[in-house]
Amino acid sequence: MVMIRRVIGLVVFLLVMNAAVRWGTVYFHDQQFKDAIRELALFAGQARKSDEVLRNEIMALAREHQIPLDPDFVEIRRQSTLGLGEKVTIKFAYAVMIPLVPGQPRRFEFDYTTP
């Protein structure tokens with residue numbers, strides 16, 4: 001009886017660790033991508049890059065950080081500020097299927113708007 005409890009406990013522990021590693025990896029990539037996008041938006045207004053150039057850079061960053069981003073879900077807004085140039089705001093959304101339990105993927109949605 002004690003042996004069965006230990007085996008069940010070990011299986012549950014391994015399932016929880018598997019889910020944590022899978023979700024943690026996706027979350028880590030998401031945070032790295034958000035940081036890169038925040039930096040891109042910060043300097044995009046000063047460099048006066050076109051929306052198409054910015055979108056291409058965003059998609060390159062998405063590939064680099066393993067983010068399944070569709071260009072249709074990227075929104076770029078510009079706002080003029082007195083004496084400071086142009087403020088660029090980037091908004092995006094994407095979803096990832098993560099198999100937290102083997103054979104049972106779960107959908108996680110991520111969205112972000114730069115400050």
Side-chain angles (χ1 to χ4, degrees):
M1 191 62 143
V2 173
M3 185 63 145
I4 293 173
R5 279 189 192 165
R6 286 185 180 172
V7 169
I8 291 172
L10 179 62
V11 168
V12 169
F13 173 76
L14 290 175
L15 285 172
V16 168
M17 289 306 297
N18 177 53
V21 168
R22 289 178 185 264
W23 185 84
T25 302
V26 171
Y27 182 76
F28 174 76
H29 287 293
D30 177 65
Q31 293 302 310
Q32 294 291 320
F33 181 59
K34 285 178 182 176
D35 287 343
I37 294 297
R38 188 178 310 119
E39 184 176 321
L40 179 65
L42 182 65
F43 295 109
Q46 296 170 354
R48 303 205 190 279
K49 297 179 181 179
S50 71
D51 286 357
E52 191 60 36
V53 170
L54 279 176
R55 192 173 311 277
N56 290 337
E57 288 182 13
I58 292 167
M59 296 311 296
L61 287 171
R63 283 188 297 278
E64 180 182 324
H65 293 285
Q66 301 173 7
I67 303 296
L69 185 61
D70 187 313
D72 294 336
F73 293 99
V74 176
E75 180 183 325
I76 300 169
R77 286 181 278 164
R78 296 174 182 275
Q79 182 179 17
S80 294
T81 56
L82 295 174
L84 298 176
E86 191 174 57
K87 181 180 188 296
V88 175
T89 303
I90 300 171
K91 180 179 181 180
F92 63 85
Y94 67 96
V96 179
M97 295 295 285
I98 304 172
L100 294 179
V101 177
Q104 297 293 322
R106 183 162 182 256
R107 180 182 168 104
F108 286 88
E109 296 179 2
F110 298 90
D111 61 7
Y112 181 69
T113 304
T114 58

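What you see is a predicted model, and the numbers here were worked out from it, not measured in a lab. Just so it is clear, the values below take in all heavy atoms, side chains as well, and ignore hydrogens, waters and symmetry mates.
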If you round to the nearest 0.5 Å, how far is CD1 of Ile37 from CD of Glu57?
9.0 Å

Assess whether side chain to side chain contact (heavy atoms under 4.5 Å, CB included) is satisfied between Thr89 and Gln79, documenting all intermediate values.
CA-CA 8 Å; Thr89 303; Gln79 182 179 17; 5.5 Å; no

Joint cluster assignment, Ile58 & Phe73, ILVMFWY side-chain distance < 4.5 Å
no

Within a strict 4.5 Å, meaning less than it, do heavy atoms of the Pro99 and Asn18 side chains meet?
no

Should the ring pair Tyr112 and Phe92 be called parallel, tilted or perpendicular, given that the plane angle runs from 0 to 90° and is split at 30 and 60?
tilted

dist Arg55:CZ -> Glu75:CD (nearest 0.5 Å) comes out at 9.0 Å

Arg107 side chain to Ala95 backbone, donor-acceptor under 3.5 Å:
no

Using the rule that Ile, Leu, Val, Met, Phe, Trp and Tyr join whenever any side-chain heavy atoms are under 4.5 Å apart, tell me whether Leu10 and Met17 fall into a single cluster.
yes

Short side-chain to backbone donor-acceptor contact, Thr113 and Lys91, under 3.5 Å
no

Closest contact, heavy atoms only, Asp70 versus Asp72
OD1-N, 2.8 Å

Run the numbers on Ile67 and Phe110 for side chain to side chain contact (heavy atoms under 4.5 Å, CB included), then give the verdict.
CA-CA 10 Å; Ile67 303 296; Phe110 298 90; over 6 Å; no

Interatomic distance, Asp35 atom CG to Arg38 atom CZ [nearest 0.5 angstrom]
5.0 Å

dist Gln66:CD -> Phe33:CZ (nearest 0.5 Å) comes out at 12.5 Å

Heavy-atom count around Met97 CE within 6.0 Å, excluding the residue itself: above 12?
yes

Is Ile4 reachable from Val12 through a run of I, L, V, M, F, W or Y residues, each pair having side-chain heavy atoms under 4.5 Å apart?
yes

Can you get from Leu69 to Tyr27 by hopping between Ile, Leu, Val, Met, Phe, Trp and Tyr side chains that sit under 4.5 Å apart?
yes

Give a yes or no answer on whether the side chain of Arg78 reaches the backbone of Glu86 with a donor-acceptor pair at less than 3.5 Å.
no

Look up atom CG in Leu40 and atom CG in Leu61, then write down how far apart they are to the nearest 0.5 Å.
6.0 Å

Nearest heavy atoms of Pro115 and Lys87, plus distance in Å:
O-NZ, 3.0 Å

Any Lys/Arg nitrogen of Asp30 or Lys34 sitting under 4.0 Å from an Asp/Glu carboxylate oxygen of the other?
yes

Looking at Leu100, Ile98, Val96, which hits side-chain contact (heavy atoms from CB on, under 4.5 Å) with Arg106?
Leu100

Rounded at 0.5 Å granularity, tell me how far CD1 in Ile76 sits from CD in Glu52.
8.5 Å

